[in-house]
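Predicted model only: the values in this text are computed from it and were never measured. So that the names make sense, note that chain A is the first sequence line, chain B the second, and so on, each numbered from 1.
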Amino acid sequence: MTLVGDEKEPAAFQDEGDLVKRRLEKLEDWRRRGVEPYALNYPHGDSASAIHDRFASLADGEESGYTATLAGRLMALRRHGKACFADLEDRDGRLQLMASVDSLGSEQYEMFQELDIGDWIGVTGMVFKSRRGELTVRVVSFALLSKSLRPLPEKWHGLKDVELRYRQRYLDLTVNPEVKRNLMVRVKTIQELRRFLDAREFVEVETPMLQPIPGGATARPFTTFHQALGENLYLRIAPELYLKRCIVGGLEKVYEINRNFRNEGISYKHNPEFTMLEFYWAYVDYLDLADFLEEMLAEVVRAVKGTLAFDYQGKPLDFALPWRRVTLMQTVSEAVGRTVASDTPQGELRALAEEHEVSLEKGWGPGKIITELFEKLVEPNLWKPTLVMDYPREVSPLARAHRDDPFLTERFELIAAGREIANAFSELIDPIDQRERFQEQARQREKGDEEAHVVDYDYLRALEYGMPPTGGLGMGVDRLVMLLTDSHSIREVILFPHLRSEI
RNA sequence: GCGCCCGUAGCUCAAUUUGGCAGAGCAGGGGACUCUUAAUCCCAAGGUUGAAGGUUCGAGUCCUUCCGGGCGCACCA
């Protein structure tokens, strides 16, 4: 038997045997009694958390005199013969209901007893505090709003199977409270980021998800095809080049919080689509951005967590200002125990890599090798929030050359808990230099680096009209939320993470 | 992509080590119960052990392949 009678319905979605059959029978019972089990609406003025806030000080056994009306999902039923207790859960809380023959009359009480865990109901009744001190609504009338046909997961252990949790996130949200809490941390984080930027007169813009040339990052894109135009399109790997076009157009302060798509491996810290904040700010450089990022994150973290110091995965993490600032060269030098600098010969760098068991690929120049040493030997060990300054030009094709050292760029990353949280630089606004960087990237592509940049001639044309000096920053929102929710996996902070198809 | 681990009732888990009757709690069904809250008590039911093949007198357990997932590595943010 299938729920909807669709013979093509895959087995994985088919019903759960007698439990569903039983509920289908109840569905018909409600209709026979003249109750439509899928209601149109249910006007109500109260919520569980508001009731708790308002009547917390009621004494045990005391009546409030207030008649509440609320709606939600029935999550537990404790039957006691001619009276029963139930738990109603709505968007932000849980409230106990008490129904009895006395409060409902025998006919309505009998129907109340027919409710199943998982049903959506609306109730009206007087708020009181039970003798045991539980705030309760004494139900004088109720309505079935939507009949649930499948059994919910276990009330005490919840839903633990991680595959089911991700595939059927609606169940995870229903029975595992921390899922909703994590989501609300994410929502609040994004709200606070927007609030911070909006308050400083940044304008939020939306740039293309579908791009003819995927630029702004080094990554493999997803490809798609536009039928009417007959041309290939790519899901964006970054909004960077479009946001900078906005700066060329005179917007001065722009940002975007939205999805990027990268066709790469999936792991506890990678989802094929993930959320980035990028902002661009005319007339500032990367040192200004470093100060700004400190201020922004300190404000956002405090707003979300109530403190700048908290534990992540059992270890204390503190965003108190100022963060440590150190150059990438210094960190690498410390890690290998000898000075690494812009003029360190490539042969010496290769020897160092071999000494520290960092494998290299041919075609990598000194800048890439140093960055690789950093990522393998330094980054995983940077736990406290650290601003790592001055990345090599070779790995930074969109960043301005460093004012003091042409081997480097004016770029920094924020590293915390051993991973990159943000990446920022003084933007490369010199169109001649940018053209050369693109050409370098094109040579890398020819050598087989699929992730190297493709030349974006319109972007070069835009720069040739003139882009003001600009600082730009990108931050992985999911990664930040992982820290704020103490989540080991990125899948805990993305509602519907990507999984292989179920069928 | 490679390595390790996992998949048993709707859910949470036993039984796997050493092959020998597939079990419990919750949910669901019947019954008792008007202040419980993981309600309690009594009764009954619930299974293609992810799939297919193999070894064996006998497979949830051992072997092979496949499917799905987790973790680690690689790539990356």
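Side chain of A:Glu420, nearest nucleotide from B:A77, B:G69, B:C33: B:A77. For A:Val162, taking side-chain heavy atoms from C-beta onward, the closest of the listed nucleotides B:C35, B:G69, B:U34 is B:G69. Side-chain proximity of A:Tyr268 to the nucleotides B:G29, B:G72, B:U12 is greatest for B:G72. Here the side chain of A:His157 is nearest to one of B:U37, B:G28, B:U12, namely B:U12. Closest to the side chain of A:Glu163, from the set B:G10, B:G69, B:U12, is B:G69. Out of B:G29, B:U12, B:G69, the shortest distance to the side chain of A:Arg500 is found at B:G69. Listed nucleotides: B:C11, B:C75, B:U36. Nearest to the side chain of A:Pro153: B:C11. Nearest to the side chain of A:Glu154, among B:C26, B:U37, B:G69, sits B:C26. Side-chain proximity of A:Arg78 to the nucleotides B:U36, B:G69, B:U34 is greatest for B:U36. Among the nucleotides B:U34, B:U37, B:A77, the one closest to the side chain of A:Arg262 is B:A77.
Residue A:Lys269 places none of its side-chain N or O atoms closer than 4.0 Å to OP1 or OP2 of B:C75. OP1 or OP2 of B:C75 has at least one side-chain nitrogen or oxygen of A:Lys376 nearer than 4.0 Å. Side-chain N/O atoms of A:Arg150 include none lying less than 4.0 angstrom from OP1 or OP2 on B:G10. At B:A77, one or more side-chain N or O atoms of A:Thr218 fall inside 4.0 Å of OP1 or OP2 (strictly under the cut-off). Taking only side-chain nitrogens and oxygens, A:His488 comes nearer than 4.0 Å to OP1 or OP2 of B:G72. Of the side-chain N and O atoms in A:Arg167, one or more sit less than 4.0 angstrom from OP1 or OP2 of B:G69.
B:C73 is paired with B:G1 under the Watson-Crick or G-U wobble criterion, all donor-acceptor distances under 3.5 Å. When both distances must be under 3.5 Å, the Watson-Crick or G-U wobble mate of B:U18 does not exist. Base pairing of B:G68 is made with B:C6, judged by Watson-Crick or G-U wobble geometry with both donor-acceptor distances under 3.5 Å. Summarising the base pairing, B:G53 is matched to B:C63 through a Watson-Crick or G-U wobble pair whose two defining distances lie under 3.5 Å. When both pairing distances are held under 3.5 Å, B:G25 makes a Watson-Crick or G-U pair with B:C11. Nucleotide B:U40 forms a pair with B:A32, judged by Watson-Crick or G-U wobble geometry with both contacts under 3.5 Å.
Put simply, OH on A:Tyr166 is 19 Å from P on B:C6, counting in whole angstrom units. In this structure, A:Trp156 atom CH2 and B:U40 atom P are separated by 12 Å, rounded to whole Å. The OH atom of A:Tyr109 sits 9 Å away from the P atom of B:U34 (whole-angstrom rounding). In this structure, A:Ile415 places its CD1 atom 11 Å from P of B:A77, rounding to the nearest Å. The distance between atom CD of A:Glu357 and atom P of B:C73, rounded to the nearest whole Å, is 15 Å. Regarding A:Asp60, its CG atom lies at a distance of 15 Å from the P atom of B:U37, rounded to whole Å.
Base contact: A:Lys82 has a heavy atom under 4.0 Å from a base atom. At the heavy-atom level, A:Arg79 lies under 4.0 Å from base atoms of the strands shown. Using a 4.0 Å heavy-atom criterion, one finds that A:Gly476 contacts no nucleic acid atom at all. Contacts of A:Asn263 with the nucleic acid, taken as non-hydrogen atoms under 4.0 Å apart, are absent. Among the heavy atoms of the strands, none lies under 4.0 Å from A:Arg94. Nucleic acid contact class of A:Leu171 (heavy atoms, under 4.0 Å, all strands): none. Residue contacts for A:Gly474: at a heavy-atom cut-off of 4.0 Å it reaches no nucleic acid atom on any strand shown. Within the 4.0 angstrom heavy-atom criterion, no nucleotide atom of any strand lies near A:Asn260.
With no hydrogens or angles considered, no side-chain donor-acceptor pair links A:Tyr109 and A:Glu107 at under 3.5 Å. There is no side-chain donor-acceptor pair under 3.5 Å between A:Glu451 and A:Thr218.
At distances below 3.5 Å, not a single donor-acceptor pair connects side-chain atoms of A:Gln96 with backbone N or O atoms of A:Thr136. With hydrogens and angles ignored, the 3.5 Å screen pairs no side-chain donor or acceptor of A:Glu278 with any backbone N or O of A:Leu473.
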Problem set entry | Pair A:Phe279-A:Phe292, ring-ring contact (aromatic ring centres under 6.0 Å, His included): steps then yes or no | CA-CA 11 Å; A:Phe279 70 76; A:Phe292 189 77; 5.3 Å; yes
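A distance of about 11 Å separates the C1' atoms of B:G7 and B:G60, rounded to the whole Å. The same atom, P, is picked in B:U37 and in B:A24; the two are 25 Å apart, to the nearest Å. Of the P atoms belonging to B:C26 and B:C2, the separation is 45 Å, rounded to the nearest Å. B:G25 sits 10 Å from B:C42 when the P atoms are compared, rounded to a whole Å. Taking atom C1' on both nucleotides, B:U61 is separated from B:A14 by 14 Å, rounded to a whole Å. A distance of about 32 Å separates the C1' atoms of B:G53 and B:U12, rounded to the whole Å. Nucleotides B:C33 and B:A15 are separated by 36 Å at their C1' atoms, to the nearest Å. Taking atom P on both B:U49 and B:C57, the two are 22 Å apart, rounded to the nearest angstrom.
Of the charged side-chain nitrogens involved, none lies within less than 4.0 Å of a carboxylate oxygen, so that A:Arg236 and A:Glu273 do not count as a salt-bridged pair. Under the 4.0 Å criterion applied to side-chain N and carboxylate O atoms, A:Lys147 and A:Asp116 are assigned as salt-bridge partners.
For the pair A:Ala86 and A:Gly158, nearest-nucleotide mapping onto RNA chain B gives the more 5' position to A:Gly158. When each of A:Leu164 and A:Leu77 is assigned the nucleotide of RNA chain B bearing its nearest heavy atom, the one mapping closer to the 5' terminus is A:Leu164.
Of the inter-residue distances, the one linking A:Phe222 atom CZ with A:Glu264 atom CD reads 9.0 Å to the nearest 0.5 angstrom. Within the model, atoms CD of A:Gln313 and CG of A:Leu483 stand 9.5 Å from one another, a figure rounded to the nearest 0.5 Å.
Counting only residues at least two apart or on different chains, no ring-ring contact (aromatic ring centres under 6.0 Å, His included) pair has a member in residues 149-175 of chain A.
Between the base of B:U37 and the side chain of A:Asp87 there is no donor-acceptor pair shorter than 3.5 Å.
A cation-pi arrangement is found for A:Lys315 relative to A:Trp383, the charged atom lying closer than 6.0 Å to the ring centre and inside a 45° cone about the ring normal.
In the region residues 114-136 of chain A, proximity to RNA chain B at under 4.0 angstrom, judged on heavy atoms, holds for A:Ile117, A:Phe128, A:Ser130, A:Arg131, A:Arg132, A:Glu134.
The residue from A:Arg23, A:Arg31, A:Glu25 that alone fulfils the side chain to side chain contact (heavy atoms under 4.5 Å, CB included) condition with A:Leu27 is A:Arg31.
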